[in-house]
Amino acid sequence: MKATPRVYVVDDDAAIRTALQRLLSSEDIACSVFDSAEAFLAHPLEAVPTCLLLDVNLAQGTGFDLQDELAVRGQQFPIIFMTGYGTIAMSVRAIKAGAHEFLTKPFEPEQLLDLVREALANDALNLTERCLTCNVKERFNSLTPREKQVMGLLITGKMNKQIAVELGTSEVTAKVHKKHVMTKMNARNVIELLKMHERIAVLP
């Protein structure tokens, strides 16, 4: 089943939120609007091609703060910044941090729609990788603290006997922990385990 792309709008101006929602809906683009970064962050995101229309100057904090928080959470998708008074320094900061585009209000509806379609198309290509990363992270989070320790030792090439010494336990116990790690992570060998670790190493 094809995933329906979704655009999120974060802007503390109700008139802007309404106008953008109407514009996007008129083009059959699914849209959800929020009046603050906090409201957006509390909303579970769907595993679909995504784009965020983000106002730079919010009532609480800035769009840059939200951009930084999304990066910390490992939630990466195209962000189109919007502002009523943009500067070159602002646009440079946004783009350097990974923003898709930086628009100064007012902007032409067709310009915005073109950018949104482009951003959603780009994100559709990244969706598979993002879902895989999310899946690996969920598996990793299912490990107990001790199993995470064992995984950390396994990916450095430690053998069962060496792991047992590191953890101050028996080799048999180390083998049991290793089996649990491999099963929960759905890894056939240590090389696969290492690749999974590298995939989520940048995430908190």
Side-chain angles (χ1 to χ4, degrees), residues 3-25 27 29-87 89-105 107 112-113 115-143 148 196 199-204:
T4 301
R6 179 165 292 275
V7 175
Y8 296 96
V9 176
V10 177
D11 197 308
D12 55 15
D13 188 323
I16 295 293
R17 293 197 304 274
T18 299
L20 289 174
Q21 190 166 36
R22 286 175 177 169
L23 174 64
L24 293 165
S25 296
E27 296 295 315
I29 299 174
C31 174
S32 298
V33 299
F34 303 88
D35 61 3
S36 68
E38 290 75 15
F40 172 70
L41 290 171
H43 182 80
L45 300 181
E46 300 176 53
V48 298
T50 298
C51 172
L52 172 61
L53 299 181
L54 178 59
D55 188 28
V56 173
N57 300 293
L58 300 169
Q60 295 182 340
T62 70
F64 295 126
D65 295 332
L66 176 53
Q67 183 185 34
D68 292 342
E69 178 61 24
L70 290 172
V72 168
R73 296 186 180 198
Q75 295 175 322
Q76 300 176 332
F77 42 77
I79 297 176
I80 298 174
F81 275 100
M82 307 174 295
T83 182
Y85 51 95
T87 65
M90 277 185 180
S91 61
V92 169
R93 175 181 176 181
I95 300 301
K96 277 190 173 181
H100 185 76
E101 189 56 81
F102 191 94
L103 293 176
T104 301
K105 303 172 185 175
F107 39 75
L112 178 67
L113 288 172
L115 287 172
V116 165
R117 292 187 184 103
E118 179 182 74
L120 290 174
N122 290 345
D123 198 51
L125 298 176
N126 298 326
L127 180 60
T128 299
E129 281 295 304
R130 196 163 70 244
C131 288
L132 181 55
T133 298
C134 182
N135 183 270
V136 172
K137 186 180 180 182
E138 287 179 357
R139 282 183 252 161
F140 178 75
N141 288 338
S142 74
L143 300 179
K148 289 178 181 178
M196 291 178 187
R199 177 178 286 276
I200 61 174
V202 297
L203 300 179

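The shortest heavy-atom contact between Lys148 and Phe140 is CE-O, 3.4 Å. In this structure, Cys131 and Ala47 approach most closely via the heavy-atom pair SG-CB, 3.9 Å. Taking all atoms of both residues into account, the shortest heavy-atom contact from Ala37 to Val10 is N-CG1, 4.0 Å. Here the shortest heavy-atom pairing between Phe107 and Met82 reads CZ-SD, 3.9 Å. The minimum heavy-atom distance linking Gly63 with Leu58 is given by the pair N-CD1, 4.2 Å. A pairwise comparison of heavy atoms in Phe64 and Ala94 identifies CE2-CB, 3.7 Å as the closest pair.
Distance check: Asn135 CG to Met196 CE gives 8.5 Å after rounding to the nearest 0.5 Å. The CD1 atom of Ile79 sits 13.0 Å away from atom CD of Glu101, with the distance rounded to the nearest 0.5 Å. Distance check, rounded to the nearest 0.5 Å: CG of Leu66 to CD of Gln60 gives 12.5 Å. Here CD1 of Ile29 is found 5.5 Å from CZ of Arg117. Values are rounded to the nearest 0.5 Å. Separation of atoms CG (Asp11) and CD1 (Ile16) is listed at 6.0 Å; rounding is to 0.5 Å. Residue Thr62 holds its OG1 atom at 9.0 Å from CD of Gln67, rounded to the nearest 0.5 Å.
You'll find the side chain of Leu53 reaches within 4.5 Å of the side chain of Leu112, heavy atoms only. Between Leu24 and Leu113, the closest side-chain pair of non-hydrogen atoms falls below 4.5 Å. Within the 4.5 Å cutoff, no side-chain heavy atoms of Val48 are placed close to those of Thr4. Looking only at side-chain heavy atoms (C-beta outward), Leu20 and Cys31 stay at 4.5 Å or farther from each other. Looking at Asn57 and Thr83, their side chains come closer than 4.5 Å, going by heavy atoms from C-beta outward. Side-chain contact check for Leu70 versus Phe40: some heavy-atom pair is nearer than 4.5 Å. The shortest side-chain heavy-atom distance between Glu27 and Val116 does not fall under the 4.5 Å cut-off. With a 4.5 Å cut-off on side-chain heavy atoms, Arg199 and Glu129 count as touching.
Judged by distance alone, with hydrogens and angles left aside, the side-chain atoms of Ser25 form no donor-acceptor pair with the main-chain N or O of Arg22 at under 3.5 Å. Judged by distance alone, the side chain of Asp68 and the main-chain N or O of Asp65 form no donor-acceptor pair under 3.5 Å. Between the side chain of Asp123 and the backbone N or O of Thr50, at least one donor-acceptor pair lies under 3.5 Å.
Asp13 has no carboxylate O lying under 4.0 Å from a charged side-chain N of Lys105, or vice versa, which leaves the two without a salt bridge.
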